[in-house]
Asker: 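This is the structure, below, for whatever I ask next.
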Number of protein chains: 2
Amino acid sequence: MSRPLAIDRHGQILQALEAQGSVSVSDLATRFGVSMETIRRDLKALAEEGRLVTVHGGAHRLTNEPSLSRRTIDNAEGKAAIGRAAAELVEDGMAILIDSGSTTLGLAQSLVGRSNLTVLTNSLPIGLLMARTRTIRTILLGGEIEPNDEAAFGLDTLDLIKRFRVDLAFIGAGGISETGDFTDYTRLAAEQRALMMACGQAAYVLADHTKFSKRTPVLITPAPQLAGLITDRLPSQEPAAIAASQKWPIRLAGSSV
Amino acid sequence: MSRPLAIDRHGQILQALEAQGSVSVSDLATRFGVSMETIRRDLKALAEEGRLVTVHGGAHRLTNEPSLSRRTIDNAEGKAAIGRAAAELVEDGMAILIDSGSTTLGLAQSLVGRSNLTVLTNSLPIGLLMARTRTIRTILLGGEIEPNDEAAFGLDTLDLIKRFRVDLAFIGAGGISETGDFTDYTRLAAEQRALMMACGQAAYVLADHTKFSKRTPVLITPAPQLAGLITDRLPSQEPAAIAASQKWPIRLAGSSV
DNA sequence: ACTAGAAAGCCACATAAAGCCACACCAATC
DNA sequence: GATTGGTGTGGCTTTATGTGGCTTTCTAGT
């Protein structure tokens with residue numbers, strides 16, 4: 001009987017670490033089907049190389065770096081579920097576009113470990129995350145960086161988007177109006193998101209349920225490629241949720257972990 | 001030379017490695033119908049040619065270029081000193097371009113706290129760092145991301161560079177040749193760096209002393225804007241250092257903290 | 001704040017897979 | 001027919017992993 005390569009495990013551990021910030025010994029042990037002691041030895045070796053720090057129960061990423069700062073993401077669980085649901089739509093060999101935002105970041109995290117994909121994004125954290133997998137080809141849509149989003153916006157970004165065609169586009173939104181339409185904070189961002197939709201053969205908006213109660217000023221003109229909305233749950237009392245459910249096909253992400 | 005069978009095997013092993021990142025001895029043995037010992041000899045031979053690295057149980061793709069994301073930066077102190085020296089050239093209100101690399105990252109770190117600056121960069125870590133200051137306007141030059149550098153390279157990047165003109169450009173280099181010229185790992189990177197030089201009214205190459213003993217294959221064609229080299233110290237015994245000092249104005253960064 | 005139980009860590013030992021080396025073998029080549 | 005280079009085999013060493021016993025650390029309930 002042959003033994004799986006230890007070095008592959010090391011690589012995947014580091015990937016999981018990039019995506020999640022921390023990993024637990026028991027999770028890794030079950031995931032790889034090896035004993036906890038083996039995982040401990042892996043983590044110890046990686047820690048000696050200075051690639052992570054071990055903590056009781058697992059390991060943690062070194063904290064100096066441009067992190068996908070896990071700065072208290074609201075409704076992290078719901079966004080992770082949306083990410084997993086969206087990732088199921090992504091098939092081997094596809095080229096996809098991922099917009100910036102904490103919800104779309106959930107999708108990127110779910111794609112870690114996949115290979116034979118091409119990801120276009122205007123988000124720096126997503127770009128770094130994807131590039132570090134080393135198995136996903138990553139193209140960054142450059143432009144002027146908006147510090148709040150840590151993503152590129154602007155004329156150059158619009159221009160770059162126009163040069164590509166992808167299989168799927170996953171778009172964020174600032175909020176959802178009472179009419180069920182998607183809205184954004186600025187004119188430029190709305191324009192850019194509309195263009196991103198048109199870049200894909202099919203486009204999905206990723207928005208968690210908190211967006212139904214958010215109103216942002218600029219309407220995003222939906223492109224014909226818009227295939228639906230992926231969210232975690234529909235707040236039944238929200239007019240925006242009711243309107244949206246009548247307007248777009250909605251895919252509910254099971255919040256079960 | 002060798003049996004045709006063996007040559008086929010070597011090629012296919014490298015191909016499998018390219019596709020999967022790693023291969024196991026036992027898998028290859030069953031796949032080719034030969035003994036594990038033979039596969040080991042194959043891997044050993046390929047490892048001696050520098051085409052892969054052997055690990056217990058198989059082999060792993062080599063990452064030719066030392067990765068930036070491994071946190072231990074060689075000669076961090078010298079690079080920080082170079083960064084401070086370069087930062088002194090940057091005046092209020094300027095627009096500057098910062099190339100990717102660990103040395104140029106030192107410059108970016110020295111600029112934290114400054115304001116009224118515009119920074120163009122193709123490096124994701126530098127872009128994030130600058131954007132997070134919120135006082136420095138940041139423009140990211142997009143394109144395909146090279147995982148080792150965590151920076152954008154490619155046709156789109158070249159195209160974007162051409163659209164800007166900056167006051168100062170700070171360029172990295174893979175190595176310095178015996179003739180004192182700057183060299184790089186790939187044709188594309190060399191081209192891109194040359195274009196970056198031409199983007200500035202004046203351009204400086206930032207390279208610490210370890211670069212004088214590094215030889216990388218592709219020559220960077222210097223643009224006329226190249227105003228000099230900023231380094232931490234000149235290894236007197238290195239022919240590359242002597243040649244460079246005769247060819248370019250050199251600014252030595254005081255290593256004093 | 002204290003303490004008991006549970007979970008995780010550590011160490012030593014056992015074992016199976018992998019690596020290494022010397023030698024034998026086989027099939028082309030000169 | 002001798003030579004040469006690739007390949008397989010057997011014996012030994014090394015490495016990776018699992019297991020059990022013990023210690024340490026965390027957590028929750030009083």
Side-chain angles (χ1 to χ4, degrees), chain A residues 1-63 67 70 72 76-77 80 113 134-135 256-257, chain B residues 1-63 67 70-71:
Chain A
M1 199 57 185
S2 74
R3 193 182 283 166
L5 289 184
I7 192 159
D8 288 340
R9 229 177 24 231
H10 288 200
Q12 288 189 48
I13 289 173
L14 290 172
Q15 274 187 20
L17 212 55
E18 286 298 335
Q20 301 159 27
S22 63
V23 290
S24 84
V25 172
S26 59
D27 281 358
L28 291 172
T30 51
R31 172 172 163 188
F32 295 116
V34 297
S35 73
M36 303 195 13
E37 186 62 28
T38 299
I39 298 294
R40 265 184 223 111
R41 286 193 264 241
D42 287 342
L43 296 181
K44 197 175 170 187
L46 291 168
E48 273 168 16
E49 289 175 29
R51 319 216 29 187
L52 49 78
V53 282
T54 56
V55 294
H56 192 88
H60 197 274
R61 175 172 49 203
L62 310 172
T63 44
S67 71
R70 275 206 143 328
T72 60
E77 198 175 315
R134 290 167 180 273
T135 58
S256 60
V257 181
Chain B
M1 167 121 181
S2 62
R3 290 183 193 177
L5 277 171
I7 292 175
D8 273 2
R9 245 191 354 247
H10 285 209
Q12 288 188 48
I13 288 172
L14 290 171
Q15 212 174 320
L17 208 58
E18 206 51 52
Q20 303 163 31
S22 66
V23 289
S24 84
V25 171
S26 62
D27 281 358
L28 291 172
T30 52
R31 172 171 161 189
F32 294 116
V34 297
S35 73
M36 298 183 41
E37 186 60 29
T38 299
I39 298 293
R40 263 184 224 113
R41 286 193 265 243
D42 288 341
L43 296 181
K44 198 174 169 187
L46 290 168
E48 273 167 16
E49 289 176 29
R51 324 258 330 232
L52 49 78
V53 282
T54 57
V55 294
H56 191 91
H60 196 266
R61 190 188 332 182
L62 43 83
T63 46
S67 162
R70 64 158 235 252
R71 311 293 192 239

Asker: Which one, D:dA16, C:dC21, D:dG8, comes nearest to the side chain of B:Arg41?
Answerer: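 Closest of the options to the side chain of B:Arg41: D:dG8.
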Asker: Which heavy atom in B:Ala59 sits nearest to a heavy atom in B:Leu17, and how many Å separate them?
Answerer: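 Shortest heavy-atom contact: O-CD1, 3.8 Å.
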Asker: Considering non-hydrogen atoms only, spot the tightest contact between B:Ser22 and A:Asp8 and give its length.
Answerer: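 Nearest heavy atoms, B:Ser22 then A:Asp8: OG-OD1, 2.5 Å.
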Asker: What is the distance, rounded to the nearest whole Å, between atom CG of B:Asp42 and atom P of C:dG19?
Answerer: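 Between P of C:dG19 and CG of B:Asp42: 13 Å.
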Asker: Which sits closer to the 5' end of DNA chain C, B:Val55 or A:His56, going by the nucleotide each is nearest to?
Answerer: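 Looking at DNA chain C, the more 5' nearest nucleotide goes with A:His56.
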Asker: Considering just the side-chain nitrogens and oxygens of B:Arg9, establish if one lies under 4.0 Å of OP1 or OP2 belonging to D:dT7.
Answerer: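 Checking D:dT7 against B:Arg9, a side-chain N or O does come within under 4.0 Å of OP1 or OP2.
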Asker: Can you measure from CD1 (A:Ile7) to NE2 (B:His56) and round to the nearest 0.5 angstrom?
Answerer: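 So the gap between those two atoms works out to 12.5 Å.
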Asker: Can you measure A:Glu37 atom CD to D:dG18 atom P for me and round it to whole angstrom units?
Answerer: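 After rounding, the reported distance stands at 9 Å.
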Asker: Could you state the CG-P distance from A:Leu43 to C:dG9, rounded to the nearest angstrom?
Answerer: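 So the two atoms are 8 Å apart, to the nearest Å.
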Asker: Starting at the 5' end of DNA chain D, which residue's closest nucleotide do you reach first, B:Met36 or A:Ala6?
Answerer: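 Its nearest nucleotide being more 5', the pick is B:Met36.
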Asker: What is the separation between atom NE2 on B:His60 and atom P on C:dA18, rounded to the nearest whole Å?
Answerer: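 So the NE2-P distance, B:His60 to C:dA18, works out to 18 Å.
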Asker: Would you indicate, yes or no, if D:dG8 has its OP1 or OP2 atom less than 4.0 angstrom from a side-chain nitrogen or oxygen of B:Thr38?
Answerer: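 Answer yes for this pair, as a side-chain N or O of B:Thr38 is under 4.0 Å from OP1 or OP2.
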Asker: Any side-chain donor-acceptor pair under 3.5 Å between A:Arg31 and A:Gln12?
Answerer: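 Checked: A:Arg31/A:Gln12 side chains pair up, N/O donor to acceptor below 3.5 Å.
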Asker: Nearest whole Å is fine: how far is C:dC10 P from A:Lys44 NZ?
Answerer: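 Answer to the nearest Å: 6 Å.
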Asker: Could you tell me the separation between the CZ atom of B:Arg40 and the C1' atom of D:dG8, rounded to a whole number of Å?
Answerer: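 Roughly 12 Å, once rounded to whole Å.
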Asker: Would you mind reading off the distance between B:Leu28 atom CG and D:dT7 atom P, rounded to a whole angstrom?
Answerer: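 Atom-to-atom, B:Leu28 to D:dT7, this comes out as 13 Å.
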Asker: How close or far is atom P of D:dG5 from atom NE2 of B:His10, stated in whole angstroms?
Answerer: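 For the pair B:His10 NE2 and D:dG5 P, the rounded distance is 15 Å.
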